[in-house]
Every structure is written in C-alpha cells, then in structure tokens.
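Take a look at the structure below.
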Amino acid sequence: MSSEAVVDGKVVEVRRLRTPEEYRMITSAEVEVWGISDYSSVVAHHVLIAADRRGGLVLGAFERDSGRLVGFVFGFLAMTSNGKLYHYSHMTGVVPEYRYRGLGYVLKLFQREYVVNQGLDLIMWTYDPLQSPNARFNVGKLGVIVRKFYVNYYGELRDSLNAGMPTDRFEAEWWVRSKLVSSKLDGRLSIPTLDDVIKLGADVVTEVRFEGNLPVLVDYHLNRGSELLLAEIPNDLNTLRSHNELLIRWRFGLREVFNHYLNRSNYVVVEFLSSFNGGFRRNYYLLWRGDVEKLLGGELPWNYVR
Ligand SMILES: CC(C)(COP(=O)(O)OP(=O)(O)OC[C@H]1O[C@@H](n2cnc3c(N)ncnc32)[C@H](O)[C@@H]1OP(=O)(O)O)[C@@H](O)C(=O)NCCC(=O)NCCS
C-alpha cells in the first residue's frame, strides 16, 4: 500500500518502511522537523520498528527522485481507561520546506485508512493549541474534536519548537469512521465564517488588540454561557517568541480559558476559523456545548453538512 503526492512539482511517495536504515532516516527527520539539539529527545529507530511490527504504524514520505525522507508519521496501539483499543499518533512531521503544501494531510489520510482496516475507529494525539498551522491542520482540515486540555503535559521539551514554553496540550480525538470526519474529508462540511457563527449567537471570550503587527491578549472572559464560543489564538506563535511577555500572556490566558471551558464546563472544540482583516489573519477556535454523539453524526449547530 502506498500513495503519491506531488509537492512543488516533486513526486513524493508515502509508504511503510522497508529497512532498518529507513527507520534511522526518521530519527534524522525528527531532528530536522523539531530542531532537536538534545539527542535524548529523539525516539530511537528500534522503538519505531518495535511499534510498527506490533500493530502500530510508521509511514515515510520519500521524494521519488532522491529517496530523501521529507515527512513521516508514527503511532502505536493504545487503550483508554475503559478498555477501548485505539491508535495513538505520537508524531507527525514534515520538513520545513515541504510544510503547508498538503503533505501532512496525505500522511494522515494513509494513517486513517490503515487504522480503519484494523477495525478501529479512533486516533488520538496531542498538540500545542496555540500553534495556528496545527489547529488548522487538525481541526479545520482533518475534523478532530477536542474535549480535554492538559497543563504542561510533557514538562520541559528541549527542541526549538517547544524550548522555554510549558507544554500545554489539546487532546485531539479523530473519530475516523464518523460522519463528521468523512464529510469534512470529502468537502461536504464547509467551515462557517466568523460572521455566520456570531449571527448564531457565538460569544468571543478573548479580547485582542494589535501593537503594530503583534497581537496582544488584553483580556479574556470565563463567565460566558452561550452554546457557541470563540477563542482567538495568535496567528504566528514563533514571532511572539521574541516578545516573551506577550507570549506569556497568551500562554497563561488561554490556559485559563481552555481549562475553564473544556475541562470544567464541557465545551468541545468543533471548528477552527480564520478571518482576514486589515492585512491580519485572525484565528479562532469554535467551542460548542452540545451532544458529542450528534456532533460525530454530523449534526452541527450551523447545519453545514450537505
Ligand atoms: C503539523 C504538520 C505535520 C502538518 O503538515 P503539513 O504538510 O504542513 O500540513 P498541511 O499542508 O496539510 O496543512 C497545514 C495547513 O495549515 C495552514 N496554515 C499554515 N500557517 C497557518 C496559520 N498561521 N494560520 C492558519 N493556518 C495556517 C496551511 O495553509 C494548511 O492549510 P491549507 O491546506 O488550507 O492551506 C507540519 O506542519 C509540521 O511538521 N509541523 C512541525 C512539527 C509539528 O508541529 N508536528 C505536529 C505535532 S506532533
């Protein structure tokens, strides 16, 4: 089983790995994708082999002409506290020059097919909720939902994407056989606009103003009770890294927001919207306080499944 993608005119083959050397190529890609300087942070090639041969999955994306590995996904079998078997997707990575061109999406579709063929219906992973590209990828493109937020999940991580920041994480649930996901993937589920959801009564719980091109989280509200809520996140977290006090305000402010609305008040992240205003891209999570079974069945508050 393999699939091909064309990225910037280059053919990339997505497939399972064949030799121990190919698993070692993944460890080098880990270093490149996350900017890892401390090798104790790399998942070793023998762990990848062990998981891949015991019901997990490791996929590589190889440039056909050069054989170079430009992306990968790695996950293993896992079990919920209720004894439900699922696939835990621990790492998805695309090297910088291939990012935001759809390769990650191809890897995840392949992973979904494999897991569905195993008879499972759930893939889970965690990600930093403040990373807009990941939010768009996970929630906006793949159709994951989020019900849980973790504070400093891994403790300190010493790669360049995470260094110096607490590892707050969303738990992504990708219900790979659900109508929600299939209609998202086949394009029947449009993303509503900001105006659409505000007309439906959504409250924005974050107050943001711009200092030059830098977004500042001025305030946030924990006392809203509408069925739909919007929480804004910064468009470019990496730019904020050189303005540490602003980054900290976002990190700790949104920690309160997600802890309150997801962990304590049973809201679910159901969509991720962008609006373009005055040259700025503004990004928002849409939270809904509704029935998850209905949501997975494609019954959404804005009725967009055609
Ligand atoms: C996360 C990752 C695997 C996704 O793979 P990818 O090939 O870049 O993903 P895709 O191109 O399919 O989707 C990314 C989307 O984010 C969008 N995006 C990029 N920057 C964005 C921003 N600032 N705001 C909103 N969306 C943004 C892209 O335009 C694209 O959406 P589109 O298809 O509608 O244009 C990859 O970017 C990556 O390796 N990142 C670094 C490592 C990482 O964070 N891994 C995941 C955690 S384990």
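Only heavy atoms go into these numbers, but all of them, side chains included; no hydrogens, no water, no symmetry mates. All ligand and atom numbering here is 1-based and tracks the order in the structure.
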Sequence neighbours excluded, every pair satisfying salt bridge (Lys or Arg N to Asp or Glu O under 4.0 Å) that has a member inside residues 253-281: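 Residue pairs with at least one partner in residues 253-281: Asp168-Arg255, Lys184-Glu271.
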Arg101: what forms a salt bridge (Lys or Arg N to Asp or Glu O under 4.0 Å) with it, not counting sequence neighbours?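 Partners of Arg101 under the salt bridge (Lys or Arg N to Asp or Glu O under 4.0 Å) test: Asp8.
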Quick one: salt bridge (Lys or Arg N to Asp or Glu O under 4.0 Å) partners of Glu13, sequence neighbours excluded?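 Arg15.
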Give the residues near ligand 1 by chain and number, with the criterion being a heavy-atom distance under 4.0 Å.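 These residues qualify: Val33, Trp34, Thr92, Gly93, Val94, Arg99, Tyr100, Arg101, Gly102, Leu103, Gly104, Tyr105, Ser132, Pro133, Asn134, Arg136, Phe137, Lys141, Leu161, Asn235, Arg281, Asn283.
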Regarding Asn138 and Asn134, do their side chains bring together a donor and an acceptor under 3.5 Å, going by distance alone?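 Note: Asn138 and Asn134 side chains miss the donor-acceptor criterion.
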Can a donor-acceptor pair be found between the side chains of Ser41 and Asp159 at a distance below 3.5 Å?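 Short answer, no.
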Answer yes if the ring centres of Tyr267 and Tyr285 are under 6.0 angstrom apart, and no otherwise.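 Here the rings of Tyr285 and Tyr267 have centres that are no less than 6.0 Å from each other.
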